[in-house]
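Taking it in order: structure first as structure tokens, then the write-up.
Below, chain A is the first sequence line, B the second, and so on; all start at residue 1.
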Amino acid sequence: MVSPVTESQVTADVSAPNPEKLERIRHTCAHVLAMAVQTLFPGTKVTIGPTTDNGFYYDFDRAEPFTPDDLKTLETQMRRIIKAKLPVVREVVSREAIAAEIAQLDENYKAEILAGIPEGETLTRYTIGDVALSGIGGFKLTADKSKKAQAQQFWWDLCAGPHVESTGDIPADAFALESVAGAYWRGDENNPQLQRIYGTAWENAEQLKAYLHQKEEAKRRDHRKIGKELQLFSIQEEAGGGLVFWHPKGATVRRLIEEYWRQTHLAGGYELLYTPHVANLNLWKTSGHNDFYRENMFDVMEVEEQAYQLKPMNCPFHVLTYKSDLRSYRDLPCRWAELGTVYRYERSGVLHGLMRVRGFTQDDAHIFCLPEQLAAEILGVLNLTEQTMSDFGFNNYEVNLSTRPEKSVGADDIWELATQALIQALNDKGWSYVIDEGGGAFYGPKIDLKIQDAIGRMWQCSTIQVDFNLPERFQLEYIAPDGSRQRPIMVHRAIFGSLERFFGILIENYAGDFPLWLAPVQVRLLPIGDEQRQYAQAIAQQLQQRGYRAAVDASGDRLNKQIRNAELEKIPVAIIVGKQEVTDQTLSVRTRQQGDIGTLTLADLQARLDVAIAAKSQI
RNA sequence: GCCGAUGUAGCUCAGGGGUAGAGCAUUCGAUUCGUAAUCGAACGGUCAGCGGUUCAAAUCCGCUCAUCGGCUCCA
């Protein structure tokens, strides 16, 4: 659900851009791009050119691929058009007239767009340049790349607008073409593939600069880069794409996340499960995954003439656990959690670091409950989610409530009950939310939570889904007070989403500077000379025995080099020990956040470490 | 999977039909050093893999794999 590719989600922190004006600039920018393309590359067909969060794109149909050099040339041409201050004119047109013009130009995509606009709607076209100069309507474009050609330019597009009044209103120093990519006509991979040129555009150079800075910042924090630098994890060609190796330091962070998870879940009334990684294919037939989820599943494997399936989800296993015994209403709610590792087939082109992989571990849980328990259970999940996210440093959320989609299972009244339960829980929690009408799963409504990271990007992690489908398919039951057999409601929820993705988000959020409680190495001791090595070892050992993650720099490098390495490895606390410290039995402490903080005793240091660890903050 | 780009030492990268290069890292030697890089030497590569063109391929061509930017999809 979260697009792992975050560039488009980056919202630059700029001095209050005017959204309406930006929209116009970007929209016109897209037109100017299309005009430039058709001038320099005659025969290219236009399709659509909408605005995006940071700019615009335009999709073109052209046999030859656009090269990075082409983008530069196009940018130059766009600047010419901007410099020429050509008027942008809105004009209401009749369907017949515009259809004829489009047909004459053989712009079949435009014709398709026109055909899709309902009868009776006002049709407008936007013209760049002076019609009078061209003499006739339509594309009067020249392939002449000389600068003299610009005065004759005239271009139009069927478009609802709005636009700026003149190409001169686009700030020539506040836009840039960014990349070219493949995109399908109307987003359907069965349709022809078009070439999409992405651009960014702003009101002024400062805003553009802020956006580029934000982009740099995102690049600096890229978890793939940091993961390699800090030796946290790897993904290896030899093993296959999308399969994650957690290296000792990354594994330490994961262990700490898991320990936190275990502790909070046990405290929250959950019980923990372990279930297998494969199961007989029949289980997946019963659950419906074999029909509805086949394309995301690995191929079946044959074991003694039986078909087995590597698991893409944990739910059926939890359901079977429920079903293994007769349940009373007194047993409910059952809250069962598992760090369940699942494998999903993902097309090779979509894999992305830790954010999109083929094998990952969900912090999965399923709650089986009575209808009247539903709202309270949801609220419990919201509380646990809030506590967890705030402990990991995320305090801003965006909440979505997704309701019944067209294609769905289950009776109306039970959908209504479940949706109301979600709403009630959100209200009880006091969270405002956005309703995503029809965005629910086919088996029930859901709440999704997006968290905001340190540079303003939103990431979806948590999801809470009510499920009517699996209890039905597996005929789950409990014995009601009146002795009748009733169907429990099932809630599926994950807080981190997947440990891999959450780890990736953590790395990017902290830019590798983990808070003390999560830092793989909390303290490194730097002996100035060989004579202090023993003292450093002794201190490290004492720290380790008291539960801190401490180690001695064994390199024998000079102090400056050791400090540099500790900094590059983002180790929160470096302790320098020289002759003076050994003599005085003290420690010279340097934190990554504050630099040299002076001389402390071991007890003082411990006290400071404990404060930061308890606060889950950096030291 | 599709479109485009990329793949050279552990890492970051240069080179470009005819002995494979640098910095960092590693190892060894010297240095024993006080808050972000001590000096020197050595080691290290079937130039992603397979096939083709050529007297000769890391270099040109084709296929495969992986990665990157997107599309579609998604925890």
Got a list of protein N/O to nucleotides 25-30 of chain B N/O distances below 3.5 Å?
| from | atom 1 | to | atom 2 | distance (Å) |
| --- | --- | --- | --- | --- |
| B:rA25 | OP1 | A:Lys561 | NZ | 2.8 |

Worked verdict on A:Arg220 versus A:Glu217 for salt bridge (Lys or Arg N to Asp or Glu O under 4.0 Å): CA-CA 5 Å; A:Arg220 187 179 76 80; A:Glu217 186 61 21; 2.8 Å; yes
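- In this model, the phosphate group of B:rU35 is not approached by any side-chain N or O of A:Asn560 to a distance below 4.0 Å at OP1 or OP2.
- Residues A:Met297 and A:Tyr345 share a closest heavy-atom pair of O-CB, 3.7 Å.
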Strictly under 4.0 angstrom, non-hydrogen atoms only: write out the protein contact profile of nucleotides 59-67 of chain B, one letter per nucleotide from the 5' end, B, S or -. ------BSS
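- Looking at residues 382-391 of chain A, you'll see that no heavy atom sits under 4.0 Å from any atom of RNA chain B.
- A:Thr67 comes within 4.0 angstrom of nothing in the nucleic acid, heavy atoms only.
- Annotation: of the two residues near RNA chain B, A:Gly578 and A:Glu295, the 5′-most nearest-nucleotide partner is A:Gly578.
- Partners of A:Glu189 according to the salt bridge (charged side-chain N to carboxylate O under 4.0 Å, His left out) rule, which considers only residues two or more places apart in sequence or in another chain, are A:Arg347.
- Residue-level contact check: A:Arg347 touches the bases, meaning some heavy atom is under 4.0 Å from a base atom.
- One finds a side-chain N or O of A:Tyr198 lying less than 4.0 angstrom from the OP1 or OP2 phosphate oxygen of B:rC71.
- Residues that satisfy the side chain to side chain donor-acceptor pair (under 3.5 Å) test with A:Gln618, not counting sequence neighbours, are absent from this structure.
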N/O donor-acceptor pairs under 3.5 Å from side chains in residues 557-565 of chain A, not counting sequence neighbours:
| from | atom 1 | to | atom 2 | distance (Å) |
| --- | --- | --- | --- | --- |
| A:Asp557 | OD2 | A:Ser555 | OG | 3.1 |
| A:Gln562 | NE2 | A:Pro527 | O | 2.9 |
| A:Gln562 | NE2 | A:Asp557 | O | 2.9 |

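- Using a 4.0 Å heavy-atom cutoff across all strands shown, A:Ala181 reaches at least one base atom of the nucleic acid.
- The aromatic ring of A:Phe360 is stacked on the base of B:rA75, with the two ring centres less than 5.5 Å apart and the planes inclined by under 30°.
- Remark: A:Glu338 pairs with A:Thr275, A:His318 by the side chain to side chain donor-acceptor pair (under 3.5 Å) rule, at least two apart or across chains.
- By the salt bridge (charged side-chain N to carboxylate O under 4.0 Å, His left out) test, A:Asp604 is found to be paired with no residue, residues two or more places apart in sequence or in another chain being considered.
- Scanning for salt bridge (charged side-chain N to carboxylate O under 4.0 Å, His left out) contacts around A:Arg404 gives A:Asp412, with sequence neighbours left out.
- At the heavy-atom level, A:Glu346 lies under 4.0 Å from base atoms of the strands shown.
- The salt bridge (charged side-chain N to carboxylate O under 4.0 Å, His left out) search around A:Arg294 returns none, not counting sequence neighbours.
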Donor-acceptor pairs under 3.5 Å, side chain of residues 569-580 of chain A to any protein atom, not counting sequence neighbours: which ones?
| from | atom 1 | to | atom 2 | distance (Å) |
| --- | --- | --- | --- | --- |
| A:Glu569 | OE1 | A:Arg524 | NH2 | 2.8 |
| A:Glu569 | OE2 | A:Arg524 | NH1 | 3.4 |
| A:Gln580 | NE2 | A:Asp584 | OD2 | 3.2 |

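- For A:Asp453, the side chain to side chain donor-acceptor pair (under 3.5 Å) partners at least two apart in sequence or on another chain are A:Arg457, A:Trp459.
- Among the atoms of the strands shown, base atoms are found under 4.0 Å from some heavy atom of A:Glu581.
- Under 4.0 angstrom from either OP1 or OP2 of B:rC33 there lies at least one side-chain N or O belonging to A:Lys579.
- When heavy atoms are screened at a 4.0 angstrom cut-off, A:Phe502 is found touching no nucleic acid atom at all.
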